[in-house]
Amino acid sequence: MEITELTDVERRVWEAYPKGRTVDLRETPDDGPEGAPEAGAAWGPERTVRAEVLRGLLLGDHARADGEVPLLRLMGARISGRLDLRYAEIAAPIHLWACLFEEIPDLYGAQLRQLNLGRSVLPGLHAIALRVDGSLRLTRSRVRGPVRLGGARITGAVFLDRAHVGEAGAVYSEPVLALNRVTVDDDFQADGGFTAHGQVRMDGAVITGNITFDDAVLSDPGGTALDASNLSGGTDFHAMRLTARGRVNLRGARIPGQLNLAYARLSHPDGDALRASSLTVGELWLREAATIEGRVNLRRSHLDLLHIASGTWPDEVRLDGLTYTTLDPHEPAARRLEALERDTDGFVPSAYEQLTAAYRRIGDDAAARTVQLAKQRRHRATLAWYARVWGHLQDVTVGYGFRPTRAAVWLLSLLLVGAVTFALREPVALKPDEAPEFSPVFYTLDLLLPIVEFGQEKAYAARGAYQWFGYGLVVTGWTLATTIAAGITRSITRQ
């Protein structure tokens, strides 16, 4: 393209490029509503640059000014036509700030030094397999259609802070932000009110630095708002105050540091609001998050710390195979047990064992015993009728070995009743000349305790209804002793 074919504004860009100078077409740095890129369709020739001119500039062999580095830095322009840089190798950084693109830029397979489209308005972005030897910036940009970055490789950071992708009410047949299998060698930042109307897809992405979605709004009602399955993070994943309307899918993700969903609002009433099965993470924080609307799936996940208040759990959970070292904040066992009872898989023994271990690590043995007792009661409902009867007996008498004081209460009560009864109606001595002096207390103990022998039972025998009462004490004593032994053995085994 000859320079004589350029408009005045295009000539300014052409001449500024080899010197690395900025061409700012805005009336003021902030521009009012009429000067903002959202209103760029009304801009005239004085603010219009053809995409083919930019392509010719970037791909042409232009002399470098002495001591200067070529740089395309254009602000406040309307880019007419399609910017086609497919498979292009461009050494100069590209900064197209606060520009309006009439057509979707095509950067498929391109290799760039740096790309900055901040504050710009685009109908979409096609950049599959893009390579950027530096940062990719879409800060405060407005992209009305899908952004395709699948398989991209960014050696610097990715900035999507305060960007808006997709349009409310629009229906898309693909993710509005496709970052599947993307590789980022630095941070990924999509915070400060980043908004996506449609699915954000990050499955298989590898991000070396921090991942940030603080204050972001991800909206795909009835669908998947964030698909980050098999994501590999280098440090932390921060999504404080995240609003997600649709499923958040973190299945198989690996995050060595912190997954922070504090103050988040997750909603997907018809399915998994948080699907984090097989997740491996150092700390999962849901501190002061709103009650989750939809199911939480943490099956087979491995966490060092799980921070979630009992009121955050939804009505349905899936916790089979979940392992964690510490559970915060500290709450009574009765409140923690409510979540375990909501498991859609039914009775999940491992969930009770994990909760028991968490209480024991902080020295709350009473809470640990409460959890184990609840586990036995829940398990009892899955047994045959005769096993349930035996279970009820263990529960009532000694609380499955986790309420040992109940045994003492039962024994003392039966001893009192028996002693009073036989004191009022003394049994007949079998051999009056040889029988020891009758003691209603020790006679009752002889009946109740199957091993202890005081000689009273062999020397005296009750008659009539009192004899049957004595038989009842013998049977009750044997049953109580057997139940106590079984419960204590179970408790010792667990310790």
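One is the number of the first residue; the rest follow in order along the sequence.
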Kindly compute the distance separating [atom1] ([X]) from [atom2] ([Y]), expressed to the nearest 0.5 Å.
{"X": "L242", "Y": "Y263", "atom1": "CG", "atom2": "OH", "answer": "14.5 Å"}
{"X": "L130", "Y": "I154", "atom1": "CG", "atom2": "CD1", "answer": "5.0 Å"}
{"X": "D214", "Y": "D191", "atom1": "CG", "atom2": "CG", "answer": "6.0 Å"}
{"X": "H268", "Y": "I292", "atom1": "NE2", "atom2": "CD1", "answer": "13.0 Å"}
{"X": "L125", "Y": "S120", "atom1": "CG", "atom2": "OG", "answer": "10.5 Å"}
{"X": "L218", "Y": "L266", "atom1": "CG", "atom2": "CG", "answer": "10.0 Å"}

For residues [X] and [Y], report the shortest heavy-atom separation together with the two atoms involved.
{"X": "R12", "Y": "L25", "result": "NH1-CD2, 3.7 Å"}
{"X": "Y359", "Y": "A368", "result": "CB-N, 3.9 Å"}
{"X": "A16", "Y": "V23", "result": "CB-CG2, 3.6 Å"}
{"X": "L136", "Y": "L149", "result": "CD2-CD1, 4.0 Å"}
{"X": "A289", "Y": "L261", "result": "CB-O, 4.0 Å"}
{"X": "A264", "Y": "A239", "result": "CB-O, 4.4 Å"}

So, do [X] and [Y] sit near enough that their side-chain heavy atoms are less than 4.5 Å apart?
{"X": "D364", "Y": "H330", "answer": "yes"}
{"X": "L303", "Y": "L279", "answer": "yes"}
{"X": "F159", "Y": "L138", "answer": "no"}
{"X": "L284", "Y": "Y324", "answer": "no"}
{"X": "Y17", "Y": "V13", "answer": "no"}
{"X": "R336", "Y": "V371", "answer": "no"}
{"X": "D187", "Y": "Q189", "answer": "no"}
{"X": "W285", "Y": "Q258", "answer": "yes"}

Subject >> Listed once per pair and sorted, the side-chain hydrogen bond (donor to acceptor under 3.5 Å, both in side chains) pairs that draw on residues 145-161, sequence neighbours left out >> reply: D133-T155, T139-D161, R148-E174, R153-D185

Subject >> Residue pairs, two or more places apart or on separate chains, that pass side-chain hydrogen bond (donor to acceptor under 3.5 Å, both in side chains) and touch residues 219-228 >> reply: T224-R247, D227-S229, D227-N249

I'd like to know if the side chain of [X] reaches the main chain of [Y], judged simply by a donor and an acceptor atom lying under 3.5 Å from each other, with no hydrogens or angles considered.
{"X": "N260", "Y": "A262", "result": "yes"}
{"X": "T235", "Y": "G209", "result": "yes"}
{"X": "D272", "Y": "L274", "result": "no"}
{"X": "R245", "Y": "T243", "result": "no"}
{"X": "T356", "Y": "Y352", "result": "yes"}
{"X": "S301", "Y": "A276", "result": "yes"}
{"X": "E167", "Y": "H197", "result": "no"}
{"X": "T291", "Y": "G311", "result": "yes"}
{"X": "Q372", "Y": "R369", "result": "no"}
{"X": "E10", "Y": "R50", "result": "yes"}

Subject >> Proximity of F237 and F213 rings by center, below 6.0 Å >> reply: yes

Subject >> Enclosure of R113 CZ (heavy-atom neighbours >12, cutoff 6.0 Å) >> reply: no

Original post:
So with a 6.0 Å cut-off around CZ of R295, is the heavy-atom count from everything else above 12?
Top reply: yes

Original post:
Does the pair L319 and V348 meet the rule for a side-chain contact (heavy atoms from CB on, under 4.5 Å), with working shown?
Top reply: CA-CA 8 Å; L319 304 176; V348 179; 5.7 Å; no

Original post:
Within 45° of the six-membered ring axis of F347 and under 6.0 Å from that ring's centre, is NZ or CZ of R378 located there?
Top reply: no

**OP:** Any chance you could lay out the side-chain contact (heavy atoms from CB on, under 4.5 Å) test for L306 and T326, step after step, and finish with the verdict?
**Re:** CA-CA 6 Å; L306 174 59; T326 304; over 6 Å; no

Subject >> Trace of the side-chain contact (heavy atoms from CB on, under 4.5 Å) decision for T325 with R361 >> reply: CA-CA 8 Å; T325 303; R361 288 189 189 96; 4.0 Å; yes

**OP:** Give the intermediate values and the outcome of side-chain contact (heavy atoms from CB on, under 4.5 Å) for residues M202 and I207.
**Re:** CA-CA 10 Å; M202 302 179 70; I207 299 174; 3.7 Å; yes

Partner set under salt bridge (charged side-chain N to carboxylate O under 4.0 Å, His left out) for [X], not counting sequence neighbours:
{"X": "E338", "result": "R342"}
{"X": "D215", "result": "R241"}
{"X": "D203", "result": "R201"}

Which atom pairs, one a donor and one an acceptor, fall under 3.5 Å between side chains of residues 69-90 and the rest of the protein, sequence neighbours left out?
| from | atom 1 | to | atom 2 | distance (Å) |
| --- | --- | --- | --- | --- |
| R73 | NE | T22 | OG1 | 3.0 |
| R78 | NE | T48 | OG1 | 3.2 |
| R78 | NE | E102 | OE2 | 3.4 |
| R78 | NH1 | A41 | O | 3.1 |
| R78 | NH1 | W43 | O | 3.2 |
| R78 | NH2 | W43 | O | 3.4 |
| R78 | NH2 | T48 | OG1 | 3.1 |
| R82 | NH1 | I104 | O | 2.9 |
| D84 | OD1 | R86 | N | 3.2 |
| D84 | OD1 | R86 | NE | 3.0 |
| D84 | OD2 | R86 | NE | 3.3 |
| D84 | OD2 | R86 | NH2 | 2.8 |

Original post:
How about H302 and T323: does a side-chain donor come under 3.5 Å of a side-chain acceptor?
Top reply: yes

Subject >> Basic-acidic side-chain contact under 4.0 Å: R318, D345 >> reply: yes

